[in-house]
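In what follows, a structure is listed as structure tokens, so that the remarks can point back to it.
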Amino acid sequence: MEQINNIQVVPCTNSNYLKPFTVHYSQNGTKKSWDFMRTHDSVSVLIFNTTSHCFVLVKQFRPAVYMCEWERSKPAPPQPEGEEGGEGSNPAAPEEPKAPQEGQEGEEAASHPDQPPVSAGVTYELCAGLVDKPNLSLEEIARQEVLEECGYDVPVTKLRRITSYRSGVGVTGAKQTMFYAEVSDENRVGEGGGKPQEGELIEVVKVPLHEAMTFAYDESVPKTMGVIFSFIWFHSNMSPKYKISTNV
């Protein structure tokens with residue numbers, strides 16, 4: 001998973017997943033503008049294996065996370081005296097990271113000391129997927145994702161809806177619906193890993209129940225907010241029922 005090279009950053013002029021727009025509007029008589037992106041809604045699934053008493057997560061390389069970490073690692077350029085910025089100032093757009101081009105991997109690539117390791121872009125996440133199949137219900141899409149990414153065959157009737165919420169409210173405002181699914185080793189019908197033909201390269205990861213809350217709050221482990229929230233939800237809603245300790 002972590003053999004990433006030939007990184008190139010280019011303008012995004014056409015995408016099947018993101019559509020940038022600017023909306024102009026008036027709020028209480030004040031004219032305003034806001035940049036946003038239209039994208040798909042999504043589903044996510046908290047999977048708990050009752051055989052091994054562990055949560056089933058996915059681990060994958062996220063280019064957006066990696067590029068953010070790369071930008072963060074760059075030293076801030078000094079500002080000329082008197083241009084520190086104040087009210088009404090327009091901050092300059094961040095400079096695009098200059099990634100090593102093809103054929104520059106060896107000694108030339110080493111001349112980019114600010115380039116973080118590829119592991120900086122690997123995150124732990126709930127099994128999830130886009131809502132891009134209008135003929136399927138949210139539950140049916142969630143079931144497909146569990147099968148494709150984690151290898152478990154879960155009937156739609158066994159998916160419990162936890163809640164839905166907005167993510168990226170300042171940029172996309174997309175809605176994600178979260179489900180809970182209990183599985184056993186008998187439900188495992190494949191290795192998971194996603195669809196390589198669609199560019200997916202996913203590693204299935206198990207988090208033991210007794211380590212869940214420590215894992216959730218460990219800031220050294222990059223993860224989505226969905227992982228943290230769902231573990232807390234499980235502790236509040238499922239642990240008392242099954243008299244299970246989550247080591248909080």
Side-chain angles (χ1 to χ4, degrees), residues 1-27 31-44 58-77 85 89-106 108-109 111-123 125-136 138 141 144-145 148-149 165-177 193-202 222 224-226:
M1 175 183 292
E2 298 182 9
Q3 295 180 0
I4 308 294
N5 49 35
N6 299 335
I7 300 175
Q8 298 181 5
V9 180
V10 298
C12 180
T13 58
N14 185 32
S15 171
N16 294 326
Y17 305 101
L18 301 172
K19 303 291 183 184
F21 294 93
T22 298
V23 57
H24 303 285
Y25 63 100
S26 294
Q27 184 176 10
K31 292 184 178 181
K32 295 184 175 183
S33 297
W34 195 268
D35 299 333
F36 73 99
M37 289 189 291
R38 184 176 299 157
T39 185
H40 294 286
D41 290 340
S42 60
V43 296
S44 61
V58 297
K59 178 182 175 184
Q60 56 186 319
F61 175 77
R62 291 296 194 179
V65 174
Y66 182 77
M67 298 312 296
C68 282
E69 288 300 314
W70 193 340
E71 186 67 28
R72 189 193 312 275
S73 67
K74 291 170 56 180
S89 64
N90 294 320
E95 180 184 354
E96 290 186 356
K98 293 180 174 57
Q101 304 298 311
E102 185 174 358
Q104 290 182 308
E105 285 76 18
E108 285 191 61
S111 66
H112 297 269
D114 58 337
Q115 182 177 347
V118 174
S119 59
V122 176
T123 60
E125 312 167 15
L126 296 180
C127 171
L130 297 178
V131 178
D132 56 0
K133 304 177 181 66
N135 59 319
L136 297 181
L138 295 179
I141 294 175
Q144 281 190 354
E145 295 299 333
E148 293 172 3
E149 293 190 359
Y165 47 86
R166 296 288 178 177
S167 60
V169 293
V171 181
T172 68
K175 178 184 287 187
Q176 182 167 97
T177 302
K195 292 183 175 180
Q197 66 272 23
E198 296 182 3
E200 293 182 328
L201 184 57
I202 296 171
T224 63
M225 188 61 204

Plane angle bin for F21 and F36 - parallel if under 30°, tilted between 30 and 60°, otherwise perpendicular: parallel

Over 12 non-hydrogen atoms of neighbours within 6.0 angstrom of OH in Y165: yes

What heavy-atom pair brings [X] and [Y] nearest, and what distance separates the two atoms?
X: L201; Y: Q60; answer: O-CB, 3.8 Å
X: K31; Y: S26; answer: CG-OG, 3.8 Å
X: M67; Y: V9; answer: CE-CG2, 3.5 Å
X: L136; Y: Q144; answer: CD1-NE2, 3.5 Å

Residue pair K19 / N14, side-chain heavy-atom distance below 4.5 Å: yes

H24 side chain near T22 side chain, heavy-atom distance below 4.5 Å: yes

Distance, nearest 0.5 Å, that separates [atom1] of [X] from [atom2] of [Y]:
X: K175; Y: L138; atom1: NZ; atom2: CG; answer: 9.0 Å
X: R38; Y: L18; atom1: CZ; atom2: CG; answer: 12.0 Å
X: L130; Y: E145; atom1: CG; atom2: CD; answer: 7.5 Å
X: K59; Y: T123; atom1: NZ; atom2: OG1; answer: 10.0 Å
X: L126; Y: E149; atom1: CG; atom2: CD; answer: 10.0 Å

Short side-chain to backbone donor-acceptor contact, W70 and A120, under 3.5 Å: no

Main-chain N/O of V43 paired to T177 side chain as donor or acceptor, under 3.5 Å: no

Side-chain donor-acceptor pair present, E125, T224, cut-off under 3.5 Å: no

V118 vs F61, side-chain contact (heavy atoms from CB on, under 4.5 Å): CA-CA, chis, key distance, verdict: CA-CA 8 Å; V118 174; F61 175 77; 3.7 Å; yes

